[in-house]
2 protein chains.
Amino acid sequence: MNIEQILDKVYLLPGALKLKLYQSIVKVSYPKGHILLRADKIENSIYFIKKGIVRAYSKTGDNEITFWFGKEGDTILSMKSYVENQKGYEDIELLEDCELYELKISNLQKLFYEDIHIANWGRKFAEQELIKTEERLISRQFRTATERYKDLLKNNSNLIQRVQLGYIASYLGITQVSLSRIRAEIK
Amino acid sequence: MNIEQILDKVYLLPGALKLKLYQSIVKVSYPKGHILLRADKIENSIYFIKKGIVRAYSKTGDNEITFWFGKEGDTILSMKSYVENQKGYEDIELLEDCELYELKISNLQKLFYEDIHIANWGRKFAEQELIKTEERLISRQFRTATERYKDLLKNNSNLIQRVQLGYIASYLGITQVSLSRIRAEIK
DNA sequence: TTCATTTTTTATCATTTGTAAAATTTTTCA
DNA sequence: TGAAAAATTTTACAAATGATAAAAAATGAA
């Protein structure tokens, strides 16, 4: 998925402004296993995923909890860094070799006050992240782990093939053993 | 909490624009028990709470799940209606007699394209809702019901006094019986 | 391919949480 | 105030989930 499609999906900018935004974006690549964002750090960039898959996780005492997966077309950001310039909750680990587009937050912030279209692009961007976050919350609050696993199978079956089940179990809020039981029952 | 404080908390608008925004806002009052928003409806307004307390809940087959409480200074909105002009998940019920400020979404949308400050107000508004929603998700994903109850006791003790425990148990994701067990243990 | 490592599944037992029903407390309103 | 209704707590039992350990299967590197 290339950067033009990704930016247009948020809000269609006039051509000249699109170029202005492109000037702040660079393509970067990192290998599987790379830690892209860190929970103990204020992050300066957001990233759009051109190719690859990543997970957000957080360490809680002895173990860690995976709470988001990102794939082609998704945005990687520490919301706390982006919005409040504060440390966030998540480490982001690349689960495959990834091609990303990097955008410096400070450059974007500056543009918000220079042009109304870019301000509205930023508004739409936040609104869309909001909708996605609400969906995650609703899914977590309303559906059982079994239902959520079936949802993944239906809507993100490639994710299940590309990500090890321990991470998916953690994402679903259950142990890997429980997920195995669920998988055994479904068959 | 009056409307000026509520709007300023998002983003400080120049005086003239503040007036422009005020023109779209009216003060309304509804009694305890009133259903303000409905899940089966595309909502046309958002509301700011001047006084009172409300809950968002959703019906799931036989029972219902409470997934948000709003109090003075909070914004009541169906995110799906606001962002995507689609039906949302929630009914909003007033748990006390409430004084609210009502803002028509269509009026606000129009202003977004007329002035860059209001566009940035809208951006900040969405970003702040995003942070709050992420916090709810993180709390739900990382903390046990007992921990979350203790958080409420510490940070929102008045909420526990003003809201019946059945709703709080539902919000915590446990049964009322379990919450009673937790309360008995803490004492 | 083969061996070592990692990942997934299976089995057992302990703990937690839910369901249902009864008892108690609190609130509402005539 | 007092009776009825609503809300909360308690109890007993059942069901679901977690922890642990170990076996089986899959993956990856030499």
Side-chain angles (χ1 to χ4, degrees), chain A residues 31-34 52-55 57 60-67 69 93-97 139-150 152-153 156-187, chain B residues 31-35 52-55 57 59-67 69 93-97 139-150 152-153 156-187:
Chain A
K32 174 174 175 172
H34 179 73
I53 201 162
V54 309
R55 73 177 179 116
Y57 67 94
T60 59
D62 42 349
N63 64 340
E64 59 176 47
I65 298 175
T66 294
F67 63 99
F69 295 107
E93 178 191 357
L94 309 191
L95 300 179
E96 299 175 350
D97 295 346
S139 163
R140 182 112 186 135
Q141 202 128 1
F142 285 69
R143 307 178 74 71
T144 64
T146 305
E147 288 170 336
R148 296 179 70 221
Y149 178 72
K150 285 181 184 168
L152 278 185
L153 268 182
N156 284 71
S157 58
N158 67 326
L159 198 117
I160 290 175
Q161 283 150 10
R162 291 160 79 183
V163 176
Q164 67 191 59
L165 293 175
Y167 295 153
I168 290 175
S170 170
Y171 174 75
L172 296 173
I174 56 178
T175 60
Q176 185 162 341
V177 174
S178 282
L179 178 55
S180 265
R181 281 197 273 245
I182 289 168
R183 283 162 64 86
E185 266 182 25
I186 287 176
K187 273 173 213 152
Chain B
K32 174 176 176 171
H34 179 72
I35 306 295
I53 202 162
V54 309
R55 73 178 180 116
Y57 67 93
K59 290 161 200 148
T60 59
D62 40 351
N63 64 340
E64 60 176 46
I65 297 175
T66 294
F67 63 99
F69 295 107
E93 178 191 357
L94 308 192
L95 299 179
E96 299 174 349
D97 295 348
S139 163
R140 183 118 185 129
Q141 202 127 2
F142 284 68
R143 306 178 74 71
T144 63
T146 305
E147 289 171 336
R148 296 178 70 221
Y149 178 70
K150 284 180 183 166
L152 278 186
L153 268 182
N156 283 73
S157 58
N158 68 325
L159 197 117
I160 290 175
Q161 282 150 10
R162 290 159 81 183
V163 176
Q164 68 190 58
L165 292 174
Y167 295 152
I168 289 176
S170 171
Y171 174 76
L172 295 173
I174 55 178
T175 59
Q176 187 161 342
V177 173
S178 281
L179 179 55
S180 265
R181 283 197 272 245
I182 289 168
R183 284 162 62 87
E185 266 183 27
I186 285 176
K187 272 174 215 154

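This structure is a prediction, so every number in the text was calculated from the model and none was measured. A note on names: the letters A, B, ... follow the listed sequences, proteins ahead of strands, and every chain is numbered from 1.
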Round to a whole Å and report the spacing from [atom1] of [X] to [atom2] of [N].
| X | N | atom1 | atom2 | value |
| --- | --- | --- | --- | --- |
| B:Glu185 | C:dT15 | CD | C1' | 13 Å |
| B:Leu172 | C:dT17 | CG | C1' | 14 Å |
| A:Leu95 | D:dT27 | CG | P | 16 Å |
| A:Ile182 | C:dT8 | CD1 | C1' | 14 Å |
| A:Gln176 | D:dA26 | CD | C1' | 13 Å |

> Taking the side chain of B:Ser180 as heavy atoms from C-beta outward, which of D:dG18, C:dT8, D:dT9 is closest to it?
Replying inline: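 So the side chain of B:Ser180 is nearest to D:dT9.
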
> Between B:Tyr171 and B:Phe69, how do the two ring planes meet: parallel, tilted or perpendicular, split at 30° and 60°?
Replying inline: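 Aromatic pair B:Tyr171/B:Phe69 classed tilted.
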
> Contact class for B:Leu179 (heavy atom, under 4.0 Å): base, sugar-phosphate, or nothing?
Replying inline: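 Since no nucleic acid heavy atom lies under 4.0 Å of B:Leu179, the category is nothing.
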
Find the distance between [atom1] ([X]) and [atom2] ([Y]) and round it off to the nearest 0.5 Å.
| X | Y | atom1 | atom2 | result |
| --- | --- | --- | --- | --- |
| A:Ser157 | A:Arg162 | OG | CZ | 10.5 Å |
| B:Arg183 | B:Tyr149 | CZ | OH | 4.0 Å |
| A:Thr144 | A:Ile182 | OG1 | CD1 | 7.5 Å |
| A:Leu94 | A:Arg55 | CG | CZ | 11.0 Å |

> In B/S/- notation, 5' to 3', how is nucleotides 19-30 of chain C contacted by protein heavy atoms closer than 4.0 Å?
Replying inline: BB----------

>> Tell me whether B:Thr60 contacts the main-chain N or O of B:Asn63 through its side chain, where contact means a donor paired with an acceptor under 3.5 Å.
In response: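 Flag set: sc B:Thr60 to bb B:Asn63 pair under 3.5 Å.
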
> Where the side chain of A:Ser170 meets the backbone of A:Thr66, is there a donor-acceptor pair that is under 3.5 Å apart?
Replying inline: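 Flag set: sc A:Ser170 to bb A:Thr66 pair under 3.5 Å.
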
>> Just to be sure I understand the geometry, which residues of residues 160-168 of chain B put a non-hydrogen atom under 4.0 Å away from DNA chain D?
In response: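 Correct list: B:Gln164, B:Leu165, B:Gly166.
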
> Can the ring centres of B:Tyr167 and B:Tyr57 be said to be less than 6.0 Å apart?
Replying inline: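 When the ring centroids of B:Tyr167 and B:Tyr57 are compared, they turn out to be at least 6.0 Å apart.
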
